[in-house]
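A quick note: this is a predicted structure, and the numbers were derived from the prediction, not measured. Reminder, nothing fancy here: chain letters follow the sequence lines and each chain counts from 1.
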Amino acid sequence: MSEGENMRRAVALEGARERRVRADGVELSVAELGDPVQPTVVLLHGYPDSKEVWSEVAVRLAEHYHVVLYDVRGHGGSTAPRPLRGGFTLEKLTDDFLAVVDAVSPDRPVHLVGHDWGSVQGWEFVTVERTEGRIASFTSMSGPSLDHFGHWIKQSVKRPTPRRIGRLLGQGARSWYVYLLHTPVLPELAWRGPLGKQWPGLLQRSEKLPPGRYTAPSLPTDAAHGAWLYRDNVRARLSKPRDDAYAHVPVQLITPLGDTFLSEHLNDELELWAAQLTRRTVSARHWLPLTRPDQLAAWITEFVTATESGRTAPVATGKYADRFGGQLVLVTGAAGGIGRATAFAFAEAGARVVAVDRDTEGAARTAELARLIGAPEAWAETVDVCDEQAMEKLAAKVATEYGVVDVLVNNAGIGLSGSFLDTTPEDWRKVLDVNLWGVIHGCRLFGKQMAERGQGGHIVNTASAAAYLPSRTLPAYSTSKAAVLMLSECLRAELAGRDIGVSAICPGIVNTNITSTARFVGVDAEEEKRRQQRTARLYGLRNYPPEKVADAVLRAVVRNQAVVPVTAEARGGRLMSRFTPRALRALARLEPPL
Amino acid sequence: MTSAVKGERATELERFRQVQTLAYECAEAVAAQLKPGVTEREAARMQRRWLRERGVQDWFHLPFAWFGDRTAFVNFRIPLQFFPTDRRLEPGMPFILDMAPIYKGYTADIGYSGCLGPSPLHDKLMADLEAHRDLILREVRERRPLREIYADVDRLMVRQGYANRHRAYPFGVIAHKVDRVKERRWSPHLFGFGTQSLKGLAADALHGHRDGWSPLWSPYRFSDHPPRAGLWAVEPHLGFRGTGAKFEEILVVTDSKDHEESAFWLDDDLPHVRRWAEEKCR
């Protein structure tokens, strides 16, 4: 990304129409984007940000909606109340919100999106009576309702179980900054002094953001004023939470799994407070509007569109649907076996799927069935993964037509069995071309797109248990898979800084048709066919379904696991390779009974 | 094609066809009455009552009903799981009704798949079953070993993206022989199977064992023989992520040298066949 673009990532809200709205004792700075005829989406910033924290999300949403942002009183271009103490209560913030909404969308309810303190405010707005009919939906991220939080604490204290106490202490530790903000003067001094200077750098490093400006020049003053958000509300609400804090609109809850300030368990029983709740999770830290604008824009769009049309947002029913809903997943070798099962598992989780295989018919079939079981969209592409140019074309096509891939599964592979001395250079080339070069091309092209976008992602490479189990019968295959394993580990190290996870899956003996298409070198055609059938039979007897490997793939992405041996033999082999390698070497000399 | 099969044989086949038609009528009548909240047990009872009222007294096996992911035999380990449970039908759920009534000494064994409300996935599975009906008939006429045909059906299912669920049936059978059964006043059943039919099957198995064939069409070595003349209840069963679909009907295999007469489906006027024909017209 060029330096100029980096600057634009910064704070400016390009093309925004600015206006000022008077509220009780303050003047609020309001910005609007997009067509005012469209439904209005109000984006509310958190602490210590100003409305510009939404700039990346706002421009994306402005393509479909009338987007409104405003600086909370005392922040950015808005004026601060006098005196500050008592000027930031949630009641007053509700007044501000209603004043803005009356100005920008007087006769139509708005869709509210809040991050951090914006979300804390949002919960207040959607649970008090006087905003009823003014809000159509609420998307909450990284900011709980103080009332719900208060009840959560009360529950934990009243009926303590080890788990509840653990969670309470955990959240108590995460809230360290809240206590600090309650001390007089010190926070103000820190923000106006060293912390204010260090903050942009801290933010960039902790959120793994590419270089750029992410904070407004008014940050020190904003942060100093914002301390009163905590002082005016937190103690009062946590000690006496409202009992009627029920949301009167559909709520979409987006939970970043790596949030350092909020425990995800805070939301465990949120269904009690929000009857229509859609849950989403995302692998990121606290500042989602900066780090995941594409994902947020997609989820908000989906939710707002669904609410506008009177439906509940479609959420797939499969495992991890909260995590993969709407994401773009590309799977190679998707015409059968593990690749196909993986594509289906992602489809059930509501992901958009690109099924890639050199078998056109098989890939088309996978895409067709994927659509039937929950993928909002699915496409088939015919490409041989070892064809460099074809892969480049595919990468360009996917980027322009479907977008940047969120999860890449390099799964295509072929089998080859036979002693080293029987393996010809041509055999070697074929195996390495597909099993290794296919993965290299995939990682290189799609990994690059992910890294350039800078919004995280995940790469899964299907290695094999053969990657760490030496054997006299699989020299070429094992070598190619060992290379894939090492490639994955190296790439994992390199991409960690860009929030892209890399996992290597080592399935073991799985009932797929890799056996019936595997080459057996050093024997005649008849013997090769016999061995293919015999191995297929053995694999069939083992009968480990590819669906379970697919589950392991999804789990590996969710948990960002590095190396995942799947079957019992793969796990056992992995243990042996680490603790009893000599025993493995002895086993490697045995000729399997084929 | 069946017109060529003359005389007594033709009358006999006609009787088999009548009871198969009766069974499919029962399936359609019961399916039309299914609504949300009905349990598998109730659906099975409805089938039993409907057929009893029309003169059925004995069974090859008692009627089954499977709802939801049980249509795909998810986690079926022991044969007892085949029996109807208290699973309730919900909108959008697939269901399978499976019954094998014996009427005046003639047996039918049918399977009927449906769905409560529209389901594009279920439609797809049903549409894809047609290829299996064609494949089985073609390869039986070619006199390929039953085990090989089984493997080809299996391969086609995998290519279609599905799992083979008849693998979960006892002995993994895709088909079994059916025959006439002697009418007895008292016809007890054992684990859901009529004792008279079990006796017939056991006798077939015994003879077959001596002559190198089996009344069960399975993936195992004992099915490694060309199709044996007689009536076979064929039931390919697709499973896909919690949705299952099957049909079951009688395939007639004869000793005729004529290609078409050597094997044919007993009846082509069945709900699933009509459904495919309608889809083509659309």
When you look at [atom1] of [X], are more than 12 heavy atoms from neighbouring residues, nucleotides or ligands closer to it than 6.0 Å?
| X | atom1 | result |
| --- | --- | --- |
| Arg537(A) | CZ | no |
| Glu526(A) | CD | no |
| Glu361(A) | CD | no |
| Arg358(A) | CZ | no |

Rounded distance [0.5 Å steps], CZ in Arg159(B) versus CZ in Arg365(A): 10.0 Å

Between OG1 on residue Thr243(B) and CG on residue Leu372(A), distance to nearest 0.5 Å: 10.0 Å

Side chain / backbone / both / neither for Asp154(B) at chain A, heavy atoms under 4.5 Å: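 Neither part, no heavy atoms under 4.5 Å.
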
Gln160(B) to Arg340(A) - nearest heavy-atom pair and separation: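 So the minimum-distance heavy-atom pair works out to C-NH1, 4.0 Å.
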
Contact class of Ala335(A) relative to chain B, heavy atoms under 4.5 angstrom: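 For Ala335(A), there is no contact with chain B at all, as no heavy atom is under 4.5 Å.
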
